[in-house]
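First comes the structure, then the notes that go with it.
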Amino acid sequence: MNIRIKTKDSITGFTIPCSEEQIDKLCEVLGIPNNSQAEITVDSVYMDDRANGLLQNKTFNLDKLNYLAKRLDSFDKNELTTFYAVSYSEKSNDIDRLINLTFNTHCYSVVSDFSDLEAVGRKMYLTEQQAASPTALEQLDGEGYFNKVLADNPNPLVTPYGILYRNKNEYEQVYDGIHFPEYYWEENMGTVTLDKDGFAEYLYLPYVKTELAKALERLGAADVSECEVTLDSSLFNDEMKNILKGLPKNSQEEIDGINYIAERIAEMGAKEMPYLGNLTGGLQPQTMKDLDAIFDSAYEFEMFDGIYNAEDYGRYMFCESGHFEYDENLEEYIDFERYGSQRLLCENGAFTHAGYIVYHGYNQDLSEMLAEVGIEIPSQQTQTLKLYMPLRATTYYDENDFGDLYQVDCEIDVYPEELAEYEEEILDAITNNSLPEEKERGLMKYYGENDSVNAKVKRYDFSVENVGGKLMGIATLVLNAPLEDKEMEKIKEEISGQASDGWCEGFEQREIKCNGKEIYVSFWQSENWSLQTAEELGISEPKQELTMGGM
């Protein structure tokens, strides 16, 4: 729902329903405090004349208006029609009444087409019952039911949306005007309930600080310690809950811990939780620091559920991993235990009660936890590796005989020698194209496999470098350990994908202002493209930065 909000000094466009972060930004723009009492005046509503007639030129509490919009956002066409018909008939602009109405549309039916009374009656019956089997609906005398409703409504209300009929469902006051009923508008990581004096407020994880402040304000609580804190989430496993039990009950520390874990789950994505659950089950983190280290390094592990010995591991690798073409008729000839034992000697792993865990990384924050299950973290040598690729650049500006620039309708190539003059401008454009989520690992953020490549390549980023007077594209890798041939091949494939279809595809569509003209720089070209080390390219090996790490 797009609305215009009017204040003393301005009119601002805004879309509801929205998140608390967006409300924060709106209040900042309007110059009003974002608390539970914040009010706005709705100047007009776009795209929905019904809502415009209901809300235009009226002042509402901002949170109540947003909650109402969330409720309406979930309605189907029939529910919306009923809502607007009832609100029209009651001439209601009281937002508390409107919120309660969203929980009571099943108390009414709106009819605008009387051509098939059998169908009308069945629809009315389904509205009143809220659920009915197909058999029950088929056997229902729809027209007879309609006549019964008609008899109970001798004076039905006429609205612009149809004739409004009241059924026998009891109208309930779900909203008390202060505490918003629990309602899941969008997917979340779980719910925290704050109870005080028989009233409840709900925080949908992860929440922002203003949501907690408003909840406490509505409960009349100065601090979290005045409330009973309850967590409801299927994504928090036993290990996470045990860590939270170690925090003071009903405290700010506890609720901050809950929200922090929810933020980390949201970063990983709920679909990764089965893997993370098994991993934490095997490693048994004892503190929030332990759990944080697992989240930070989850991509460095491989987890094999239900694998508890060398034979199980060998059988899994042959029969289920996909690394071999397995013929079950050959099972009696395969020594699964021997093969599994050989693999175990080459891996940094351990059997736990949750399965077999392999660790490929170097995060020393995990050292004590991994030592408990028999995994030792090797010492770390961080070094830089550069992979070079040709650049292609184009512009829509040409130069006449007098050196003046003019715009043309076709692409003109910018040659690498000229491109070298714009190295600084291109580097600035690359920096500006980076996203906040790439801060820690660069473009390794988007690498999707838990393997040795993910563990060894700490991060990589695209950049440019002058090589012999020509500007070339480079992918700069920070390595935790040297790459083997297969690992090098795999990371090259990943970088090639980002160069052709990923990060670089977006970058090449952004103009870069260089010496009075705009150029477009691409790290990919369909012909004569390569990705090579300095040695493979035949240039002097750049001096590598080497940092010792580990214990």
Side-chain angles (χ1 to χ4, degrees), residues 384-447 457 459-478 491-545:
T384 300
L385 172 69
K386 293 181 179 180
L387 298 176
Y388 293 79
M389 67 201 86
L391 291 176
R392 179 176 184 266
T394 59
T395 184
Y396 288 90
Y397 286 85
D398 202 356
E399 188 175 309
N400 62 24
D401 295 338
F402 302 99
D404 298 323
L405 292 174
Y406 63 96
Q407 198 163 357
V408 296
D409 295 330
C410 58
E411 286 185 345
I412 298 175
D413 286 331
V414 180
Y415 294 105
E417 294 83 357
E418 179 187 354
L419 207 56
E421 300 175 15
Y422 309 138
E423 181 176 359
E424 185 175 338
E425 290 89 342
I426 296 170
L427 287 172
D428 287 342
I430 290 172
T431 299
N432 294 333
N433 198 53
S434 298
L435 299 175
E437 54 263 36
E438 298 162 4
K439 181 179 179 181
E440 295 298 324
R441 303 201 67 208
L443 298 182
M444 278 301 289
K445 161 74 178 176
Y446 309 111
Y447 186 82
V457 182
R459 68 174 295 141
Y460 79 86
D461 303 273
F462 284 102
S463 187
V464 293
E465 186 176 293
N466 189 322
V467 179
K470 297 180 180 181
L471 200 65
M472 295 194 70
I474 56 171
T476 303
L477 288 69
V478 179
I491 193 61
K492 279 188 174 184
E493 183 180 340
E494 173 73 13
I495 293 170
S496 299
Q498 287 288 352
S500 60
D501 297 318
W503 186 93
C504 297
E505 184 180 29
F507 179 75
E508 70 182 15
Q509 297 174 26
R510 301 188 177 188
E511 71 276 2
I512 304 172
K513 296 186 182 299
C514 301
N515 196 25
K517 60 184 176 183
E518 296 174 350
I519 66 170
Y520 299 85
V521 177
S522 175
F523 285 76
W524 173 261
Q525 54 196 46
S526 57
E527 296 181 0
N528 301 320
W529 190 87
S530 62
L531 185 63
Q532 299 174 292
T533 63
E535 183 180 1
E536 291 169 333
L537 193 62
I539 63 176
S540 298
E541 183 73 31
K543 185 179 180 181
Q544 293 189 336
E545 301 172 10

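- None of Thr395, Asn432, Ile519 except one satisfies the side-chain contact (heavy atoms from CB on, under 4.5 Å) rule with Ile512; the exception is Ile519.
- If you take SG on Cys504 and CG on Leu443, they are separated by 7.5 Å, rounding to the nearest 0.5 Å.
- Looking at residues two or more places apart in sequence or on another chain, you find a side-chain hydrogen bond (donor to acceptor under 3.5 Å, both in side chains) between Ser522 and Glu508.
- Residue pairs that meet the salt bridge (charged side-chain N to carboxylate O under 4.0 Å, His left out) test with at least one member in residues 492-501, sequence neighbours left out, are Lys492-Glu536.
- By the 4.5 Å heavy-atom criterion applied to side chains, Arg510 and Asn433 are counted as neighbours.
- By the neighbour-count criterion of 12 heavy atoms within 6.0 Å, atom CD of Gln525 is densely surrounded, having more than that number from other residues, nucleotides or ligands.
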Residue pair Val464, Leu419: steps toward the side-chain contact (heavy atoms from CB on, under 4.5 Å) verdict: CA-CA 10 Å; Val464 293; Leu419 207 56; over 6 Å; no
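- Rounding to the nearest 0.5 angstrom, the gap separating the OH atom in Tyr422 from the CG atom in Asn515 is 5.0 Å.
- The side-chain heavy atoms of Val521 and Leu391, taken from C-beta on, include a pair separated by under 4.5 Å.
- The nearest pair of heavy atoms linking Arg441 to Val457 is NH2-O, 2.8 Å.
- With sequence neighbours excluded, the residues forming a side-chain hydrogen bond (donor to acceptor under 3.5 Å, both in side chains) with Tyr446 are Glu438, listed by chain and number.
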Residues Lys445, Lys439; criterion side-chain contact (heavy atoms from CB on, under 4.5 Å); working and verdict: CA-CA 9 Å; Lys445 161 74 178 176; Lys439 181 179 179 181; over 6 Å; no
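- For Ser530, the side-chain hydrogen bond (donor to acceptor under 3.5 Å, both in side chains) test picks out Gln532, with sequence neighbours left out.
- In this view, Arg459 and Asp461 satisfy the side-chain hydrogen bond (donor to acceptor under 3.5 Å, both in side chains) rule, not counting sequence neighbours.
- Residues satisfying the salt bridge (charged side-chain N to carboxylate O under 4.0 Å, His left out) test with Glu505, not counting sequence neighbours, are none.
- Shown here for Ser496 and Leu531, the closest heavy-atom pair between the two residues is OG-CD2, 4.0 Å.
- In this structure, Leu477 and Leu387 have side chains that are in contact, with non-hydrogen atoms separated by less than 4.5 Å.
- Here the straight-line distance linking atom CD1 of Ile495 with atom OG1 of Thr476 works out to 9.5 Å at 0.5 Å rounding.
- In this structure, the ring-ring contact (aromatic ring centres under 6.0 Å, His included) partners of Phe462, at least two apart in sequence or on a different chain, are Trp503, Phe523.
- Contact annotation: the side chain of Asn528 never approaches that of Pro390 to less than 4.5 Å [non-hydrogen atoms, C-beta and beyond].
- Take Trp524 and apply the ring-ring contact (aromatic ring centres under 6.0 Å, His included) test, not counting sequence neighbours, and it matches Trp529.
- Between Glu411 and Tyr396 there is a side-chain heavy-atom pair separated by less than 4.5 Å.
- Sorted by first and then second residue, the salt bridge (charged side-chain N to carboxylate O under 4.0 Å, His left out) pairs involving residues 413-437 (not counting sequence neighbours) are Arg392-Asp413, Glu417-Lys470, Glu418-Lys517.
- Under the rule for a side-chain contact (heavy atoms from CB on, under 4.5 Å), the partners of Met472 that lie at least two apart in sequence or sit in another chain are Tyr388, Val467, Leu537.
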